[in-house]
Amino acid sequence: MAEAADFQGTSPSPARRWLRRTGAVLAGTPLLTGLLQLPAASPAEAATPAAPRAASDDGSVAVSVDSLTPGAPAEGDTVTVSGTVTNKGKKTVTDASVGLRVGSLLDTRSSIDTVAKNSDDIGSPVGAEIDDKYTEKFSKLTPGVSQPYTISVPADELDLGQDGVYDLSVTLTGETSDQPWEQTLGVRHTFLPWQPDEADTKTKTTFMWPLISTVHMTAETGSDEEQTPVFHDDELAEEISPGGRLDRMVALGKDLDVTWVIDPDLLASVEAMTTRYEIPGENADDKNAVGGHQAVAKRWLTEVQKAVADKEVVALPFGDPDLASLAHHGTSVTGSLRHLKEATDVAAGTVESILHVTASTDFAWPVEGAVDPSIIKVSTSAGADKVITRGDTFEGGRDLTYTPTAPRPIGGGTTAVVADARLSTVFEGDMARASASTQAVQRFLAQSLTLALQTDRPRSVVIAPQRTPSAAQAQTMAEAIGALQDSTWSQPQDLTAAAKSKPDSDAGTEVPPASAYPKSLRKQELPRSAFEQIARTQDKLDRFKVILSNPSRVVTPFGRALNRGMAASWRGRPAEAAIYRSGVETYLDTLSSQVRLIEKSDTKLSGRSATIPVTVQNNLVQGVEHLVLRLTSTNPTRLEIDGNAYEEQPIAVSGGHSQSVKFTTNANANGRATVVAQLYTQDGRPYGQPVTFDVKVTEITATVMLVIGGGVLLLVLAGFRMYTQRKRAAARQAEEREQENAAPAADADAGDAKNPEASERRPTQESAPDTREDAPEQPSDPAPDTAPESADPSGTGERVDR
């Protein structure tokens with residue numbers, strides 16, 4: 001691995017060889033006291049036996065180095081070391097003395113790591129103490145009490161030899177009641193880079209200065225014309241306020257030669273705070289609280305504009321999407337790469353509109369620079385042709401004894417920009433303690449100088465620190481960069497220039513396989529379900545936006561929210577990530593449901609045809625259009641919609657209004673029919689929930705009653721006509737019979753008058769009916785059932801049998 005490359009140094013100096021011979025002679029001299037001080041010609045070359053013997057325990061005094069200035073001294077400088085010593089033991093330390101010791105030359109990068117790992121080990125080798133006049137003495141150290149110290153030594157008094165990194169240790173010697181002899185009770189190792197003269201070939205160093213935060217904005221906006229943004233918390237205001245993390249990043253970075261790496265989402269979020277913004281209340285019943293940090297947001301953006309002026313700015317895709325999660329779990333979900341492309345497309349424009357600088361979008365930065373073939377493929381799918389990786393996860397080369405230059409061509413026109421792992425990770429951890437910060441700065445300088453001394457080849461070194469440094473980490477980084485930029489072996493370089501520098505032909509260019517991807521990072525990735533939920537939300541958004549008269553009010557905030565749902569900052573926070581994604585989807589469902597059909601109760605259809613109204617309600621602030629309302633009969637043989645199984649009508653409803661749409665129905669038979677009302681987009685996709693209701697078909701209506709009444713009236717008139725006709729006919733028949741009977745009666749009366757006896761013998765009609773076949777019809781016979789058939793046409797409404 002290139003990151004483990006070590007500089008092998010040179011042969012021991014004459015002073016060191018003399019010291020070894022002297023030590024061999026003195027080895028036979030009996031020790032009469034607890035400590036024998038061996039004078040040395042050069043403290044820098046002093047051997048370990050010259051130091052007081054270590055205490056029998058693990059060190060009862062803690063020694064810290066809180067400050068070391070200058071970090072990389074030159075000739076004529078005075079090295080000042082300050083810190084504290086703390087008695088951690090149970091016994092008082094007497095005759096205590098704090099001194100400096102210059103140890104051996106650390107000529108490999110791995111030896112620096114070893115010293116850093118064992119920086120407080122009193123059993124590790126230390127050099128001889130510098131002149132006794134450069135010490136600080138304490139008569140006693142009480143248990144649990146800390147004492148400060150400060151030691152200043154001219155660099156010339158250190159008697160440093162060749163260029164390189166020296167083990168500089170601060171030791172505390174003293175006595176205790178149970179061990180009354182001088183002994184080393186505490187030690188702290190640090191590093192002293194030494195190269196007073198300008199290097200013939202300087203290392204070109206690129207330091208990425210990240211301006212990235214977590215997700216703060218939601219997809220929700222106000223219903224006002226300005227679409228007031230809604231934040232799920234006010235933590236961003238704390239970060240950009242004076243003394244906050246992002247405020248320190250800007251204040252420190254403006255004076256450094258660095259490449260700014262910015263997430264456009266951060267800029268967009270702060271810009272949204274420059275006007276009115278809202279934060280959810282403490283409970284669901286509270287109204288949203290109005291954020292009050294407009295002035296802070298404006299000031300911070302102004303400072304960023306000043307800081308990046310004339311500096312290189314690299315824009316990450318909007319929201320800083322997790323490229324590894326996308327490659328491992330998202331590519332199998334349709335549409336996931338679409339979001340990466342959208343996030344990349346809006347990145348440069350967002351930065352330019354807010355900071356007024358042109359940003360590069362040629363770089364992709366996977367989490368911790370860990371890559372495999374799938375990550376490389378996804379990283380370059382949106383247009384980036386340079387992928388920032390890290391040396392501890394990338395092939396180094398063919399057993400190189402030096403760290404190769406950063407750019408590595410990996411095929412397909414793509415360049416892997418390999419950041420140095422040691423220099424990139426040295427600022428991790430708690431830098432709030434002065435001792436930890438000082439140690440990180442000195443270790444950074446030591447690694448940088450040792451790397452520079454490995455070879456005379458010109459090289460470009462890239463440093464990619466953690467994405468979101470704390471304020472203390474940023475302070476430490478700034479101190480280290482400032483010291484490096486004042487050094488004699490390094491010069492600053494932009495990231496683009498580093499990526500374009502000539503690659504090392506001996507450096508490895510093979511992308512690590514998927515099996516080599518760190519398991520610790522894989523465990524933190526977004527799951528497949530996250531991308532499925534994002535895809536589902538996007539599908540809902542696509543169906544919603546086509547009905548809006550002003551879709552940009554919805555597309556922009558939701559599109560950016562979906563980008564944030566893929567952010568790398570969600571790593572290690574799966575619960576918060578799931579809540580955020582669900583919140584975006586739920587809010588979209590809420591908006592979509594504002595355009596809906598009003599529920600209908602069952603309807604009675606009394607008659608053969610009628611009109612059924614269906615109401616569409618729009619509670620959005622903007623109008624909806626391009627919708628179609630379809631009314632469908634599930635039993636068209638009983639009930640038709642405008643002569644068919646269904647009918648469609650276009651819909652356009654203004655914001656905050658409702659509209660009723662009327663459908664004509666025709667009934668073919670009595671009974672119950674189910675009707676379904678459903679909204680559709682113009683491409684035929686259902687929109688919202690359908691409304692189902694029953695229609696009961698009968699024939700009893702006011703119109704039908706009128707028709708029936710008219711028919712009854714006609715029947716009555718027809719019956720009356722038939723009755724009068726029959727009555728007239730019966731009257732004529734009766735009159736005719738009377739006339740016929742009148743003539744014989746007259747003749748009979750005349751005969752009786754002449755013969756009375758004959759008249760008495762003749763029977764009457766009631767007692768002796770005439771039995772002759774040709775006897776005329778009697779008046780008492782019933783009349784015919786119907787009148788004689790009429791040739792006149794049937795009356796209106798009259799039922800005619802066919």
Side-chain angles (χ1 to χ4, degrees), residues 208-219 221 227 229 231-232 235-237 239-240 245-247 249-250 253 258-275 277 297-298 300-309 311-323 326 337-367 378-384 386-388 464 467-469 495-496 534 552 555-570 580 584:
M208 296 167 51
W209 195 255
L211 215 55
I212 303 171
S213 184
T214 56
V215 175
H216 299 283
M217 285 187 69
T218 69
T221 59
Q227 287 190 268
F231 287 65
H232 62 73
E235 292 180 359
L236 184 56
E239 288 193 299
I240 64 175
R245 186 184 72 84
L246 292 173
D247 176 72
M249 288 291 296
V250 175
V258 294
T259 293
W260 293 78
V261 181
I262 301 177
D263 176 10
D265 177 36
L266 172 60
L267 301 179
S269 299
V270 177
E271 185 183 47
M273 294 172 61
T274 59
T275 55
Y277 68 98
K298 292 178 181 179
W300 187 82
L301 285 179
T302 301
E303 293 300 316
V304 176
Q305 293 172 1
K306 295 177 181 178
V308 302
K311 301 286 183 65
E312 183 181 42
V313 176
V314 171
L316 299 174
F318 193 98
D320 187 21
D322 191 335
L323 300 175
L326 183 57
L337 291 179
R338 162 189 172 184
H339 295 290
L340 177 60
K341 182 66 167 59
E342 292 175 349
T344 302
D345 290 343
V346 303
T350 302
V351 174
E352 184 173 6
S353 64
I354 298 176
L355 299 184
H356 313 301
V357 296
T358 301
S360 171
T361 57
D362 296 336
F363 293 88
W365 189 14
V367 172
V378 165
S379 299
T380 57
S381 63
K386 304 173 185 67
V387 182
I388 300 169
R467 266 176 154 73
T468 55
L495 183 59
T496 300
I534 291 173
S552 62
V555 172
T556 299
F558 275 99
R560 302 294 77 80
L562 293 178
N563 294 143
R564 298 183 185 108
M566 301 167 55
S569 63
W570 294 123
Y580 181 83
V584 174

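Throughout, residue positions are numbered sequentially from 1 according to the sequence presented. In this text the structure is predicted, and so the values were computed from the model without any measurement.
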If we only count heavy atoms from C-beta on, is the Pro321 to His339 side-chain gap below 4.5 Å?
-> no
By ring pair (Phe, Tyr, Trp, His ring centres under 6.0 Å), Trp365 pairs with (sequence neighbours left out) none
Leu326 versus Leu337: any side-chain heavy-atom pair under 4.5 Å?
-> yes
So, does His232 use its side chain to make a donor-acceptor pair with the main chain of Val215 at under 3.5 Å?
-> yes
On a heavy-atom basis, the closest approach of Gln305 and Ile354 is NE2-O, 2.8 Å
Does some side-chain heavy atom of Ser213 sit less than 4.5 Å from a side-chain heavy atom of Arg245?
-> yes
Report yes if the side chains of Pro229 and Met273 come closer than 4.5 Å at any heavy-atom pair, otherwise no.
-> no
Under a 4.5 Å cut-off applied to non-hydrogen side-chain atoms, are Leu236 and Leu266 in contact?
-> yes
Is the shortest heavy-atom distance from the side chain of Ile388 to the side chain of Met208 under 4.5 Å?
-> yes
Sequence neighbours excluded, which residues qualify as side-chain hydrogen bond (donor to acceptor under 3.5 Å, both in side chains) partners of Ser269?
-> Asp265
Indicate yes or no for a side-chain donor-acceptor contact from Ser379 to the backbone of Ala364 under 3.5 Å, with no hydrogens or angles considered.
-> no
Test item: Trp209 and Val313 side chains (from C-beta on) under 4.5 Å apart, heavy atoms | no
Side chain of Glu312, backbone of Leu495: donor and acceptor closer than 3.5 Å?
-> yes
Whether Tyr580 and Trp570 hold their rings parallel, tilted or perpendicular, with breakpoints at 30° and 60° | tilted
Interatomic spacing from CZ in Arg338 to CG in Leu562 - rounded to 0.5 Å | 9.0 Å
Non-hydrogen side-chain atoms of Thr468 and Ser569 separated by less than 4.5 Å | no
Is a donor on one side and an acceptor on the other found under 3.5 Å between the side chain of Glu342 and the backbone of Arg560?
-> no
List the atom of Leu267, the atom of Trp300, and the distance in Å for their closest heavy-atom pair.
-> CD2-CZ3, 4.2 Å
How far apart are the closest heavy atoms of Asp263 and Pro317, and which atoms are they?
-> OD1-O, 3.7 Å
Considering the options Leu211, Asp320, Val357, Thr350, which one meets the side-chain contact (heavy atoms from CB on, under 4.5 Å) requirement together with Ile262?
-> Leu211
Heavy-atom closest pair (Pro557 atom, Gln227 atom, distance to 0.1 Å) is CG-NE2, 4.4 Å
